[in-house]
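Working notes, beginning with the structure itself.
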Amino acid sequence: PTRDLLVSTGRDRSVRVWSVEAGRRPAELTALEGHRAPVVEATLAGNTSLSGDRDGLVMLWVRWAAFGCDHPRQRSPPAQDMNAGRTSRRLEAHRGHVTAMHALGPASQFPEAVNLFCTGAQDGRLVIWDVRSPTPAHAARLHVGALSAIESTRTGAACAELGCDDVLVTAGADNAIKLLDWRASFR
């Protein structure tokens with residue numbers, strides 16, 4: 001049976017993956033370690049998770065269950081290069097702490113973007129990550145101050161306004177909302 005999973009973050013600089021099956025008490029499956037500052041954001045899509053910390057570091061965690069970390073209290077292996085077949089990759093693109101994350105991939109409304117994740121931070125930048133690459137697929141400063149929320153939609157006035165089927169929406173501390181067509185290079 002497929003488990004329902006949840007990720008949590010903490011001041012202890014770890015990301016914890018939990019099984020939250022209906023009718024059962026939540027069980028910690030693994031703790032993903034490798035951040036050097038408190039972790040403040042995380043998102044999960046399939047067996048891939050992205051986490052961000054107060055130093056602006058983003059970590060990509062891939063296939064954690066494939067490494068035998070599938071039962072309570074077992075620790076993950078140390079952070080190492082994903083291209084070498086290991087668990088994580090450090091992604092550096094933000095100044096100030098990470099303030100928002102969103103998966104465009106398998107758990108999102110954009111099945112065509114299966115490998116894409118978005119991050120935002122105090123620097124007002126939106127960064128799009130492709131899990132297959134160590135460098136951003138796209139980055140742009142969208143807000144003055146922190147980018148505080150990222151969401152995606154395929155319906156509603158936002159899509160009608162842009163004349164497209166898929167819209168990425170960001171909100172910032174500058175009280176602005178940005179609507180972006182991800183298929184048109186986020187314009």
Side-chain angles (χ1 to χ4, degrees), residues 6-11 13 15 32 34-62 79 82 88-187:
L6 176 110
V7 290
S8 65
T9 64
R11 294 187 57 77
R13 300 176 304 205
V15 177
L32 305 172
H35 281 281
R36 291 179 231 144
V39 183
V40 292
E41 290 285 334
T43 189
L44 179 70
N47 65 352
T48 303
S49 180
L50 206 66
S51 57
D53 67 28
R54 291 191 60 85
D55 286 345
L57 177 70
V58 174
M59 290 196 67
L60 172 70
W61 306 93
V62 180
M82 184 183 72
S88 69
R89 179 186 295 150
R90 293 177 184 278
L91 307 170
E92 298 186 33
H94 290 292
R95 295 189 191 278
H97 69 265
V98 176
T99 54
M101 293 194 155
H102 184 67
L104 285 176
S108 81
Q109 299 184 9
F110 302 126
E112 304 87 356
V114 68
N115 295 308
L116 300 181
F117 285 88
C118 309
T119 59
Q122 285 181 319
D123 58 12
R125 292 182 54 192
L126 171 72
V127 178
I128 310 299
W129 302 96
D130 185 322
V131 299
R132 300 165 295 185
S133 172
T135 58
H138 178 80
R141 183 177 166 98
L142 298 179
H143 295 277
V144 177
L147 188 156
S148 55
I150 305 168
E151 193 56 60
S152 56
T153 184
R154 284 188 155 208
T155 60
C159 292
E161 182 178 322
L162 287 177
C164 64
D165 295 330
D166 303 307
V167 175
L168 189 67
V169 182
T170 66
D174 56 2
N175 294 320
I177 294 174
K178 306 287 181 161
L179 307 176
L180 307 159
D181 181 351
W182 72 272
R183 293 182 191 197
S185 298
F186 300 94
R187 284 181 252 140

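FYI, the numbering just counts along the sequence from 1. The basis for the numbers below is simple: all heavy atoms, side chains too, and nothing from hydrogens, waters or symmetry mates. Just so it is clear, the structure is predicted and the values come from calculations on it, not from any experiment.
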Can you measure from [atom1] ([X]) to [atom2] ([Y]) and round to the nearest 0.5 angstrom?
X      : Y      : atom1 : atom2 : value
Leu147 : Thr170 : CG    : OG1   : 5.0 Å
Thr43  : Phe117 : OG1   : CZ    : 6.5 Å
Thr119 : Glu41  : OG1   : CD    : 10.0 Å

Would you say that more than 12 heavy atoms from the other residues, nucleotides or ligands in this model lie under 6.0 Å from the CZ of Arg141, or not?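 Buried by this count: over 12 neighbours within 6.0 Å.
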Look at atom CG of Leu6 and say whether more than 12 heavy atoms of other residues, nucleotides or ligands are closer to it than 6.0 Å.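 Check passes, neighbour count above 12.
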Closest non-hydrogen atom pair, [X] against [Y]:
X      : Y      : value
Leu126 : Cys118 : CD1-CB, 4.0 Å
Gly52  : Met101 : N-CE, 3.2 Å
Val7   : Ser49  : CG1-OG, 3.9 Å

If the condition is side-chain contact (heavy atoms from CB on, under 4.5 Å), which residues does Ala139 pass it with, not counting sequence neighbours?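 Counting only residues at least two positions away or on another chain, Ala139 forms a side-chain contact (heavy atoms from CB on, under 4.5 Å) with Arg125, Val127.
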Can you list the residues that meet the side-chain contact (heavy atoms from CB on, under 4.5 Å) rule with Ser148, with sequence neighbours excluded? Ala171
List the residues meeting side chain to side chain donor-acceptor pair (under 3.5 Å) with [X], not counting sequence neighbours, and say none if there are none.
X      : value
Ser51  : His35, Trp61
Asp174 : His143
Gln122 : His97

Are the side chains of Leu180 and Leu142 in touch, meaning some heavy atoms are under 4.5 Å apart? yes
Do the non-hydrogen side-chain atoms of His94 and Val58 ever get within less than 4.5 Å of each other?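 His94 reaches Val58 side chain to side chain.
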Derivation of the side chain to side chain contact (heavy atoms under 4.5 Å, CB included) call for Leu168 and Ile150: CA-CA 7 Å; Leu168 189 67; Ile150 305 168; 3.8 Å; yes
